[in-house]
Amino acid sequence: MFEIEQKTIEEKIKKFVIRNDIPYIDLKWSTIPFNGEWGISVSFFQIAANEAKLGRNKGIPVSQRAAEISKQVKEYLGSVPSFSHIESVNAYLNLYYSTSDYAARVVNSVFDTGDKFGAGVPKNERVMVEYAQPNTHHSFHIGHARNTLLGESLARIVQFAGFDTIRASYPGDIGLGVITVLWAYNKFYRGKEPEGIHERGQWLANIYTEASRLLEPRDGETPQEKNQRELYDSERREMYRRWDAGDPEVRNLWSMTREWSLEELRDILRILGTKIDVWFFESEVDEPSKAIVDELIARDIATDERKSGGAVIVKIDEKLGLKKEKYRTNVILRSDGTTLYLTKDLALAKEKFEKYHVDRSIYVIDVRQSLHMQQTFAILRLWGFPQADKCYHLAYGYVSLPEGAMSARRGRVVLFKEVYNEAIQRVLKVIVEKNPNMPQDEREGVAQKIGLGALTYSMLSVDNNKDIIFDIDEALNFEGRTGPYIQNAYVRANSILKKYWAENQLSAGKNLPSFEFDYILGNHEIELIEQIARFPGLVQQAAREYRPMIIAAYVYDLANCFHSFYHAVPVLQTDQNSIRNARLNLVAAAKQTIANALALLGITAPEVM
RNA sequence: GCCUUUGUAGCUCAAUGGAUAGAGCGCCUGACUUCGGAUCAGUAGGUUGCGGGUUCGACUCCUGCCAAAGGCACCA
């Protein structure tokens, strides 16, 4: 926010350093870590260390020399516009902002940009974020929820940071798992269809669990049981063969049940606030990927071992000329000529770059698929795919349960929809207790926002590379470092403004008095303003590092500052109008910033709770 | 066997190579007849897995161990 002033001072320091015959190195600025007053800081360790390295320090220890330079620079600078004072502490040079200027600048900047406060300038680069890749014929569990919440938040952050952003979903609508459901449905439940989008989707998932039990070998099974199982398995294989051959009966059954799953998926994405721009389906890249295999064989990148009963493989390390094993060898076409996940990913990459003209492609996929993704990108490089190094796998830790990994096959999953419903029930209970005057018709909507806010925050406040052991009581906690805590800060800010408008018979919205920060600000005000000012920089960092956690941590700090401020600093109760007006505006700026930051996480704050 | 990731307070997690390693939960102690107590203020709690190295400076980078999780060709 003070970039120009910082630049000017940097130039001055540079001039001073060079004039004193000290080799100059670019300065690294940071904010002063002390409370109470804000400003920027720079240290002279690097310059002193560099000087020592060149043997020009006259034997003075680095830290002592750095402190010396810092002191000299302070003397040289004297007083500087926009900064109230400068101090030299050890090797550091601290420049303190002029309080009233800075405060007004920050708050006005929020009002000038509103819900765009914190957004970056357009970067002229198009990024595709691929997430929400559940299989159809299964149900959406909390592992999928982490994936989707993370992908959606990342998309919002990247977009807000200034990149042209495309959201892509890639459901797995074909494969052995899908066929298993078709087989069992056809055999045991033909013609049945439960009422309700979610009930129907979950019912299909139960069929999968049931079918898996029938198809998996068991310890100590009798010969009859074994025969039965093998018969079922051959029926399933036959079903896959018929699907592959385009048998109309199987295809119809497939598209009907597939649609049931997609309907449920679309509704869950709606609940999560996700609007997918581009839908890819595994079934649609199946055929195009076979052409790529042919090309890879023709160019001797892939080895066709089908004549000897094998598959089509790529010896990735060998083709890349690597001595140590890194990507190993992988199959890109089964011996029966059908494609694999990896095969389809090759066609998908091509489609993304060629049809949608993206400059960068981010795959939000569980860490367990890291090797697979690296193999995919390596084969793209071998193929000569021009944007192979523009593909990035955002690996995140997976979600498991206290009793172990989730398994759709064993029916050991926690469904997102069940957690969501439970969240709403719990919030409604709290509302009855804490805000019994809330009108009935408002409660449901508020409960949805708070419940989802709690779940979302619990997922996004841990870094990407951390696994999560899902505990519903932790995920739906409403106190402390949680979504509702932050939403509550927003609500409190709102209630101050509402009261002001009501008392002065003004219409709610932007009716705020003009203001100046021409009094001595207290620590709570200073810290709150400082937090607001940090937001734009953190948006860029989060986008650069693909880490929504940065924003999650930030918005908690901001809310925490606001709660402290709220408790300690009177706003409407202030006697002096000028102070009241300034604080009112600060409250409005904080409210806006909380909303903007929460929006990047996909969390909405209600006006009351 | 090879590869990847992780190891920080009792638990769950933070910390662009930089000033005093911070939060939440839990424990304990307090808070205005006030703008909403889903809150605030405070106490206690640390050899950052262990050993070397690089650096003026290491939780952070390199290296060797130890421990945990995950992955390693016809699943996705």
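The sequence lines fix the lettering, A, B, ..., with proteins before strands; numbering per chain opens at 1.
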Between [X] and [Y], is there a side-chain N and carboxylate O pair less than 4.0 Å apart?
{"X": "R426(A)", "Y": "E422(A)", "result": "yes"}
{"X": "K466(A)", "Y": "D463(A)", "result": "no"}
{"X": "K498(A)", "Y": "E607(A)", "result": "no"}
{"X": "E68(A)", "Y": "K71(A)", "result": "no"}
{"X": "E403(A)", "Y": "R412(A)", "result": "no"}
{"X": "E51(A)", "Y": "R65(A)", "result": "yes"}
{"X": "D304(A)", "Y": "R306(A)", "result": "yes"}

For L342(A) and M609(A), take the nucleotide of RNA chain B holding the closest heavy atom to each; which residue's nucleotide lies nearer the 5' end?
->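 First, find each residue's nearest nucleotide; the 5'-ward one identifies M609(A).
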Hey, which sits more toward the 5' end of RNA chain B by its nearest nucleotide, Y398(A) or K499(A)?
->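 The answer here is K499(A).
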Would you indicate, yes or no, if [N] has its OP1 or OP2 atom less than 4.0 angstrom from a side-chain nitrogen or oxygen of [X]?
{"X": "R334(A)", "N": "rC75(B)", "result": "yes"}
{"X": "N560(A)", "N": "rG24(B)", "result": "no"}
{"X": "S564(A)", "N": "rA41(B)", "result": "yes"}
{"X": "R583(A)", "N": "rC35(B)", "result": "no"}

Which pairs count as ring pair (Phe, Tyr, Trp, His ring centres under 6.0 Å) when at least one residue sits in residues 447-484 of chain A, sequence neighbours excluded?
->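 Qualifying pairs: none.
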Can Q133(A) and Y363(A) be said to form a side chain to side chain contact (heavy atoms under 4.5 Å, CB included), step by step?
-> CA-CA 10 Å; Q133(A) 313 99 327; Y363(A) 297 72; 5.6 Å; no
Distance under 6.0 Å and angle within 45° of the ring axis: does R258(A) meet both against F281(A)?
->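 Yes.
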Could you check whether F45(A) and the base of rG57(B) form a stacked pair, meaning centres closer than 5.5 Å and planes differing by less than 30°?
->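 It does not: the ring fails the test against the base of rG57(B).
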Describe the nucleic acid contact of [X] in one word from base, sugar-phosphate, nothing, applying a heavy-atom distance below 4.0 Å.
{"X": "Q374(A)", "value": "nothing"}
{"X": "L371(A)", "value": "sugar-phosphate"}
{"X": "D463(A)", "value": "sugar-phosphate"}
{"X": "E282(A)", "value": "sugar-phosphate"}
{"X": "I332(A)", "value": "nothing"}
{"X": "S41(A)", "value": "base"}
{"X": "A49(A)", "value": "base"}
{"X": "K466(A)", "value": "sugar-phosphate"}
{"X": "R547(A)", "value": "sugar-phosphate"}
{"X": "L176(A)", "value": "nothing"}
{"X": "S63(A)", "value": "nothing"}
{"X": "V178(A)", "value": "nothing"}

Side chain of [X] only, heavy atoms from C-beta on: which candidate in [options] is closest?
{"X": "V430(A)", "options": "rU39(B), rA73(B), rA38(B)", "result": "rA38(B)"}
{"X": "V491(A)", "options": "rC40(B), rG36(B), rG71(B)", "result": "rG36(B)"}
{"X": "N435(A)", "options": "rG36(B), rA15(B), rC13(B)", "result": "rG36(B)"}
{"X": "Y485(A)", "options": "rA38(B), rC13(B), rU39(B)", "result": "rU39(B)"}
{"X": "V89(A)", "options": "rC40(B), rA19(B), rG70(B)", "result": "rA19(B)"}
{"X": "Q573(A)", "options": "rA38(B), rC35(B), rA23(B)", "result": "rC35(B)"}
{"X": "T329(A)", "options": "rA73(B), rA14(B), rA69(B)", "result": "rA73(B)"}
{"X": "R481(A)", "options": "rA23(B), rG18(B), rC32(B)", "result": "rA23(B)"}
{"X": "N135(A)", "options": "rA14(B), rU39(B), rA76(B)", "result": "rA76(B)"}
{"X": "N488(A)", "options": "rA38(B), rA76(B), rG18(B)", "result": "rA38(B)"}

Describe, in one word, how the ring planes of Y341(A) and H372(A) are oriented to each other, choosing from parallel (under 30°), tilted (30 to 60°) and perpendicular (over 60°).
->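 Rings of Y341(A) and H372(A): parallel, under 30°.
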Donor/acceptor link under 3.5 angstrom from E474(A) side chain onto base of rG24(B) |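 Per atom types, no contact qualifies.
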Between rU12(B) and rC75(B), how far apart are the P atoms? Round to whole Å, please.
->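 To the nearest whole Å, 37 Å.
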If you measure from the P atom in rA19(B) to the same atom in rU48(B), how many Å do you get, rounded?
->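 Rounded to whole Å, the distance is 15 Å.
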Nearest-Å distance, [atom1] ([X]) to [atom2] ([N])?
{"X": "Q375(A)", "N": "rC74(B)", "atom1": "CD", "atom2": "P", "value": "11 Å"}
{"X": "I40(A)", "N": "rA19(B)", "atom1": "CD1", "atom2": "C1'", "value": "16 Å"}
{"X": "R534(A)", "N": "rU16(B)", "atom1": "CZ", "atom2": "P", "value": "10 Å"}

Does the gap between the ring centers of H563(A) and Y485(A) come in under 6.0 Å?
->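 Yes; Y485(A) has its ring centre under 6.0 Å from that of H563(A).
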Write out the stems for RNA chain B, ordered by first number and formatted as range with range, counting runs of at least 3 consecutive Watson-Crick or G-U wobble pairs under 3.5 Å.
->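 Stems found: B:1-7 with B:66-72, B:10-13 with B:22-25, B:28-31 with B:39-42, B:49-53 with B:61-65.
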Hey, what do you get for CE (M459(A)) to OH (Y396(A)), rounding to the nearest 0.5 Å?
->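 OH of Y396(A) is found 10.0 Å from CE of M459(A).
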Report, one pair per line, the protein and nucleotides 2-5 of chain B atoms (nitrogen or oxygen only) whose separation is under 3.5 Å.
residue	atom	partner	partner atom	Å
rC2(B)	O2'	E325(A)	OE2	3.2
rC2(B)	O2	R328(A)	NH2	2.8

